[in-house]
There are 2 protein chains.
Amino acid sequence: MSPRREHRLVFLLNVAQRRLQRWMAARTPHSGVTAAQSGLLFVLGQRDGVLMGEAGAALDLGPPGISGLVDRMTAANLIERRADPDDGRAWRLWLTPAGRAAMALSKARLADVNARLTQGFTEAEIDVVARWLVTMQSRFPKGEDE
Amino acid sequence: MSPRREHRLVFLLNVAQRRLQRWMAARTPHSGVTAAQSGLLFVLGQRDGVLMGEAGAALDLGPPGISGLVDRMTAANLIERRADPDDGRAWRLWLTPAGRAAMALSKARLADVNARLTQGFTEAEIDVVARWLVTMQSRFPKGEDE
DNA sequence: GGGATTTATTTCGCACGCGAACTATCTATG
DNA sequence: CATAGATAGTTCGCGTGCGAAATAAATCCC
């Protein structure tokens, strides 16, 4: 029984996430590229020149979140903001050479993280975990849907 | 077998955590008690008068984390800081009546969250998830152990 | 065409939690 | 006893991301 085990899921999720973030932050070989920042680097690695809103959607960030992330990464010279030629409101994001290099380094770190995230679990178990995490997205939606 | 699915675990964990936090924050019936704050309320509900460091350990927070949390909750009149009679450096934390009431309300919200966290998954699957989350704690330790 | 509405992004204030450095107290050791 | 070291908390600056409100450009509709 122990309702306590279930009670703990909220907490366990929180702790696991923070531990992972902290671990990644501490192991940033290249100058200060954080986990969130590598996320954006990967998005741009696949689709350079996306709109900020698209990048935000890909990372599940709202407007203020992506805006701040872009600010910091622009200041760090990892990406560039260039006006969209067709839409005066929009900005497109482009990797700088430094950003491209940082992305390559981030991939190595990600490989290490992946090993740690799956080690000791069967593929079926990892599938359960992934399915659970994905399900939580629809279970705790952004809007205030019931 | 898509290495991409594994790649996503970092991201999925991050998103699930943020979605849950956001959802809880939006559904705070009582004045502004956040998820982190309910965590401390529950700790005090079980052991009123703990040292700040003990509370931090229970919530996996470092000194600055628990210190700030206590600051905000003290300002909100949810808890009280009282000097430890035996140790001039230490402070013990106590629930205020308002804090005790907020804790009761938080429990209702937690029940709702728990339902959403487990609904649609078998007990065995939830066990896998819980085991995975716990394992991640040792996999991404606080110290810089390799 | 022009006013209302939608859309892209920014700004503000906030909560959270980290690492590093600091202060104050307690404890151990010579 | 004095002093060195350990321990409890605080403070600072930072990155992250949210909600709400503002700005500016695009679009829709009469």
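So you know, we letter chains A, B, ... as the sequences are listed, proteins then strands, and number each from 1.
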Apply the test salt bridge (Lys or Arg N to Asp or Glu O under 4.0 Å) to residues A/R131 and A/D127: give CA-CA distance (whole Å), side-chain angles for both, the deciding distance (0.1 Å), then the verdict. CA-CA 6 Å; A/R131 184 165 66 80; A/D127 278 352; over 6 Å; no
Are B/V10 and A/M24 close enough, and set up right, to give a side chain to side chain contact (heavy atoms under 4.5 Å, CB included), and what steps lead you there? CA-CA 10 Å; B/V10 184; A/M24 290 183 75; 4.1 Å; yes
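Looking at heavy-atom distances under 4.0 Å, A/R19 makes no contact with the nucleic acid at all. B/G68 comes within 4.0 angstrom of no nucleic acid atom, judged by non-hydrogen atoms across all strands. Using a 4.0 Å heavy-atom cutoff across all strands shown, B/R92 reaches no nucleic acid atom at all.
Remark: P of D/dT10 and CG of B/L61 are 13 Å apart, rounded to the nearest angstrom. C/dT10 atom P lies 12 Å from atom CG of A/L69, rounded to whole Å. B/R72 places its CZ atom 5 Å from the C1' atom of C/dA15, with the value rounded to the nearest Å. At whole-Å resolution of the value, CE in B/M52 and P in D/dT7 are 18 Å apart. In this structure, A/R18 places its CZ atom 13 Å from C1' of C/dA15, rounding to the nearest Å. Counting to the nearest Å, the P atom of D/dA20 and the CZ atom of B/R22 are 12 Å from each other. At whole-Å resolution of the value, CZ in B/R89 and P in C/dC26 are 7 Å apart. In this structure, the CG atom of A/L51 is 14 Å from the P atom of C/dT7, given to the nearest Å.
Nearest-nucleotide mapping onto DNA chain C: of A/W91 and B/G65, the residue sitting toward the 5' end is A/W91. Between B/A90 and A/I66, it is B/A90 whose nearest contact on DNA chain D lies nearer the 5' terminus.
Partner of B/M136 under the side-chain contact (heavy atoms from CB on, under 4.5 Å) criterion, chosen from A/L20, A/V15, A/L117: A/L117.
For the atom pair B/L93 CG and B/E80 CD, the distance stands at 10.0 Å (nearest 0.5 Å).
Proximity note for B/N14 (side chain, C-beta onward) versus C/dC26, C/dC12, D/dG17: the nearest is D/dG17. When distances run from any side-chain atom of A/D87 to the nucleotides C/dT10, D/dA26, D/dT11, the shortest one goes to D/dA26.
Put simply, B/S67 has no side-chain N or O that comes within less than 4.0 Å of OP1 or OP2 on D/dG9.
In this structure, A/L95 is not a member of the same hydrophobic cluster as A/L51, with clusters built from ILVMFWY side-chain heavy atoms closer than 4.5 Å.
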